[in-house]
Each structure stands twice: as structure tokens, then as C-alpha cells.
Amino acid sequence: MTHQIKPESDNITQPYWPTLKLILSSLIVFNFYLNLADKNKISFLIGIFDLTLIPMFVFIVAFVTKNATWKSLKLSLLSSLIIYITFQTVDAIPLYFSGELSLKLYIFEPQNGVWFFLATPVWQAFFLLLPPKLKSNRLILFCILIVSLVFSYLASNYLINLSSFFSIIIYFPFFIIAYLINNEKVSSLRKKPYFIIVITTALAITALYHEESINRLIIDITKTDFISSFFVIYILKFFISIVLGSSIIYFALSTDKYAKVSNNALGVYLIHPIICFVLLQTLTYFHVEYSLLVIILLTLSTISIALLLAFNSTIHWFIEPKLNINKLTH
């Protein structure tokens with residue numbers, strides 16, 4: 001009997017995206033607790049997380065759904081609405097107990113990142129509306145990216161306080177980036193020498209650390225006003241996000257060894273706010289001092305509880321609704 005030798009899969013050079021999403025979700029939990037600590041001591045770390053976690057989430061979703069069709073979009077739209085309404089309602093519980101809940105707030109202010117599940121169909125629809133020739137033209141995509149960065153800057157500085165729905169505009173550039181990158185480019189990145197990635201990452205973090213000095217330097221050199229210089233800094237931060245995201249992709253695991261747990265990454269992302277609320281109320285009740293050790297323990301506890309809940313079949317359905325469209329259409 002002869003055995004056919006199978007070629008080595010290219011998957012070994014690609015990250016296992018669900019595991020990467022779980023890591024990002026876990027860091028989002030950590031960042032949630034960090035934001036409640038003394039920001040004077042950890043503001044720089046929070047800044048790094050803000051530039052990487054959600055942008056990477058957006059990129060991954062765009063990258064793995066680039067082949068979406070109108071049919072698949074229509075099928076997923078109802079699921080997205082179910083997720084949004086379910087967890088917008090769950091996240092309204094802390095607002096109810098704090099006396100902040102109102103109908104206006106519930107309708108117009110998405111809580112704790114649930115806007116993401118309405119944003120994805122909007123972003124996908126944009127690219128489905130583009131003619132295939134434009135979608136495959138890198139120059140056109142780059143022009144769209146530049147325009148989106150302008151709108152992202154305006155939304156970030158002037159509109160986001162009105163409603164977090166404007167996050168859809170703010171994070172759209174990271175969705176576009178996925179259309180400028182293919183599997184070959186990801187593989188090429190992951191094959192680069194280790195020291196290049198480390199040096200590039202270090203330079204990006206250094207630039208972020210000296211943000212104010214760079215801003216003053218830009219004003220002195222270009223003689224531009226503050227508004228123009230702030231836009232330049234915004235673009236600089238965007239590129240820093242790209243560099244830090246590239247580093248995450250470089251070091252990401254390729255194995256699907258942890259697939260069973262990793263596939264519940266959305267569970268951590270969606271369930272953690274209400275768990276955080278309960279745990280923080282418990283800390284307050286017992287007058288526990290908020291320290292780094294407590295933050296780490298809270299993070300690990302929140303992730304563990306969220307994963308356990310996500311394995312429950314009923315809860316899991318609300319995280320990833322499975323709808324029998326054939327039955328619904330009859």
C-alpha cells in the first residue's frame with residue numbers, strides 16, 4: 001500500500017485567529033479593570049491597549065470575512081441584532097442600579113463595545129457595494145483609507161461624546177487595512193527576523209511615549225496650527241496601531257490546540273462587563289483595597305467565569321445565534 005504525502009499546509013504561517021481573539025478579549029478585560037485604577041501611574045499602558053485591542057479585533061473580523069456575500073450578510077444581520085439587543089440589555093443592568101438608565105441612553109448609547117456587532121454588517125455592506133475592480137485596486141483602497149482617516153479623526157474629536165455609535169466611523173480604517181493585506185503578506189510578516197519586529201515595536205512604543213514632544217516638533221517645523229498638528233499625531237497613532245498589531249500577528253500562535261476554548265472568545269468580550277460589575281460590587285461591599293494584585297485576580301476570575309458561562313448552550317446561543325433561516329422564511 002502506498003501512502004500519499006500531503007503538502008505542508010500554509011496554515012502553519014497563519015495565526016489561528018480564534019485564539020488571537022481570545023487573547024485580545026482577555027486583555028480587554030484586563031484593560032477594563034486598569035481603567036478603574038490610578039491612571040496617572042498606568043496611563044501609558046492603557047494608551048497602548050487602546051491602540052491595539054479593538055483595532056486588532058476589527059482587523060481580524062475584516063480579514064476573515066473578506067469573502068462575505070450579500071446572502072451571507074443578510075443571514076448574519078439578524079444574528080447581529082440579537083447579540084446587540086441581548087447584551088445592550090444585560091449591560092443596562094449596572095445603569096439601572098446606579099440610577100443612570102434612561103430610554104434615551106438605552107437606545108442611543110451602546111454599552112461596553114456592543115456597537116461592534118452593528119458595525120460589522122455596515123462595514124461589510126460598504127465593501128459589497130464597491131465594484132470588484134475598485135475593491136481589488138490598491139490605489140483606490142488607499143484613497144478610501146485616507147478619507148476614512150479624516151472622518152475617523154473628526155468623529156473621534158467631535159462626535160464620539162454624542163454617542164459611541166460613532167465608533168463605527170472611528171474604527172473603519174482598521175477594517176479597510178484588512179483589504180490591503182492577504183495571506184501571503186501575513187505569512188511574509190511572520191517569517192521576518194525576530195530582531196526587526198522587536199526594534200520596530202520598540203520604536204513605535206517610544207514614539208507613543210514621546211507623543212507630546214513630537215507634536216511640538218511638528219508644530220515648530222511645519223508652522224501649522226494645533227488642529228492640523230493634532231491630525232498629524234492622529235495619523236501617527238494610527239501607524240503605531242498598525243505596527244503594534246503587526247507585532248501581535250507575528251507572535252500569535254498558529255496551533256488550533258486550544259480551539260474549543262478559543263471559539264468562545266466572543267463570550268469573554270460580551271459577558272465580561274456584567275461579571276466585572278458584580279465582582280466590583282463585591283469588592284466594595286467587603287472594602288477590599290484596589291491594587292495590581294487585585295486587578296490581576298479580578299481579570300483571571302472574570303475570564304474564567306465568562307468562559308464557563310459561554311460553554312452553557314443557552315447562553316452560547318445568544319453569543320452566536322444559530323438561526324434556521326429556511327424555517328423563518330416559510
(message) Any side-chain to backbone donor/acceptor pair from Ser188 onto Lys185? Under 3.5 Å, distance only.
(response) no
- Query: Should we say atom NZ of Lys192 is surrounded by more than 12 heavy atoms from elsewhere, each under 6.0 Å from it?
  - Reply: no
Between the CG atom in Leu34 and the CD1 atom in Ile42, the distance rounded to the nearest 0.5 Å is 4.5 Å
Partner of Leu141 under side chain to side chain contact (heavy atoms under 4.5 Å, CB included), picked from Leu180, Leu134, Ile177, is Leu180
The single option from Leu51, Ile242, Asp50, Val232 that satisfies side chain to side chain contact (heavy atoms under 4.5 Å, CB included) with Lys237 is Leu51
request  = May I ask you to decide if Tyr153's main-chain N or O and Asn157's side chain share a donor-acceptor pair within less than 3.5 Å?
outcome  = yes
Do the side chain of Ser72 and the main chain of Ala68 share a donor and acceptor less than 3.5 angstrom apart?
no
*asked:* Are Tyr234 and Phe239 linked, directly or through intermediate hydrophobic residues, by side-chain heavy-atom contacts shorter than 4.5 Å (ILVMFWY only)?
replied: yes
Any side-chain to backbone donor/acceptor pair from Glu211 onto Ile233? Under 3.5 Å, distance only. no
Quiz item: So Trp17 and Phe59, would you call those rings parallel, tilted or perpendicular, with 30° and 60° as cut-offs?
Solution: perpendicular
Between Phe251 and Ile197, is there a side-chain heavy-atom distance shorter than 4.5 Å? yes
dist Leu244:CG -> Thr200:OG1 (nearest 0.5 Å) comes out at 10.5 Å
Residues passing the salt bridge (charged side-chain N to carboxylate O under 4.0 Å, His left out) test with Glu109, sequence neighbours excluded, are none
(Q) Contact between Met56 and Ile249 at the side-chain level, heavy atoms closer than 4.5 Å - yes or no? (A) yes
Notebook entry, point to check: Is Ile319 reachable from Leu308 through a run of I, L, V, M, F, W or Y residues, each pair having side-chain heavy atoms under 4.5 Å apart?
Noted result: no
Of all heavy-atom pairs linking Tyr290 and Leu283, the shortest is CD1-CD1, 4.2 Å
Once the angle between the rings of Phe174 and Phe238 is folded into 0 to 90°, is it parallel (under 30°), tilted (30 to 60°) or perpendicular (over 60°)?
tilted
Do you see a donor-acceptor pair shorter than 3.5 Å between the side chains of Tyr33 and Thr302? yes
Minimal heavy-atom distance between Ile271 and Ala306, with the atoms involved, is CD1-O, 3.9 Å
When rounded to the nearest 0.5 Å, the distance separating CG of Leu20 from OG of Ser25 is 9.5 Å
When rounded to the nearest 0.5 Å, the distance separating CD1 of Ile170 from OG of Ser148 is 12.0 Å
Given the rule in the side chain to side chain contact (heavy atoms under 4.5 Å, CB included) test, do Val114 and Ile83 qualify, once you have shown the distances and angles that lead to the verdict? CA-CA 8 Å; Val114 292; Ile83 294 171; over 6 Å; no
- Steps toward side chain to side chain contact (heavy atoms under 4.5 Å, CB included) verdict (Thr282, Val288): CA-CA 9 Å; Thr282 305; Val288 178; over 6 Å; no
Hydrogens and angles aside, do Ser152 and Tyr171 bring a side-chain donor and acceptor to less than 3.5 Å of each other? no
Quiz item: Do the ring planes of Phe57 and Tyr269 sit parallel (below 30°), tilted (30 to 60°) or perpendicular (above 60°)?
Solution: tilted
Do Ile28 and Leu36 belong together in a cluster built from hydrophobic side chains that touch within less than 4.5 Å? yes
Any non-hydrogen side-chain atom of Phe127 less than 4.5 Å from a side-chain atom of Ile176? yes
The reported gap from CG in Asn35 to CZ in Phe30 (rounded to nearest 0.5 angstrom) is 11.0 Å
task: Taking the side chain as every heavy atom from C-beta outward, state whether Phe172 and Phe151 have any atom pair closer than 4.5 Å.
output: no
Looking only at heavy atoms, the pair that brings Pro173 and Leu145 closest together is O-CD1, 3.6 Å
Please step through side chain to side chain contact (heavy atoms under 4.5 Å, CB included) for the pair Phe166 and Trp115, ending with a clear verdict. CA-CA 9 Å; Phe166 288 105; Trp115 60 266; over 6 Å; no
Answer yes or no: is there a donor N or O on one side and an acceptor on the other, between the side chain of Asn264 and the main chain of Gly267, under 3.5 Å?
no
- Between Trp123 (side chain) and Ile168 (backbone), is there a donor-acceptor pair under 3.5 Å? yes
| Is the number of heavy atoms from other residues, nucleotides or ligands under 6.0 Å of Phe44 CZ greater than 12? | yes
key: Min side-chain heavy-atom separation Ile144-Phe126 under 4.5 Å   = yes
For Asn31 and Leu27, indicate whether the former's side chain and the latter's backbone hold a donor-acceptor pair under 3.5 Å.
-> no
Sorted by chain and residue number, the ring-ring contact (aromatic ring centres under 6.0 Å, His included) partners of Phe32 (sequence neighbours excluded) come out as His272
Do Gln14 and Ser254 meet the criterion of a side-chain donor-acceptor pair at a distance under 3.5 Å?
no
* Asked: Is Tyr84 close to Phe116 at the side-chain level, that is, under 4.5 Å between some pair of heavy atoms?
  -> no
Taken to the nearest 0.5 Å, the spacing of Leu118 CG from Ile85 CD1 works out to 8.5 Å
Tightest non-hydrogen contact, residues Leu73 and Gln124, listed as CD1-OE1, 3.3 Å
Note: Leu189 and Tyr250 closest approach over all heavy atoms is O-CD1, 3.3 Å
Judged by atom type as modelled, is there a donor-acceptor pair below 3.5 Å linking the side chain of Ser262 to the main-chain atoms of Leu22?
-> no
Working for side chain to side chain contact (heavy atoms under 4.5 Å, CB included), residues Leu203 and Val243
CA-CA 9 Å; Leu203 288 173; Val243 172; over 6 Å; no
query = If you draw a 6.0 Å radius around OH in Tyr209, do more than 12 non-hydrogen atoms from other residues or ligands fall strictly inside?
reply = no
query: Hey, is the main chain of Ser76 close enough, under 3.5 Å, to the side chain of Ser80 for a donor-acceptor pair?
result: yes
Closest non-hydrogen atoms of Ala204 and Ile240, given as atom of the first, atom of the second and distance, are O-CD1, 3.7 Å
Cluster overlap Val150 with Leu139, hydrophobic side-chain contacts below 4.5 Å = no
query: Does some side-chain heavy atom of Ile248 sit less than 4.5 Å from a side-chain heavy atom of Ile23?
result: no
Does one hydrophobic cluster hold both Leu128 and Val64, with members joined at side-chain heavy-atom distances below 4.5 Å?
-> no
Original post:
Any side-chain heavy atom of Val90 within less than 4.5 Å of one from Gln111?
Top reply: no
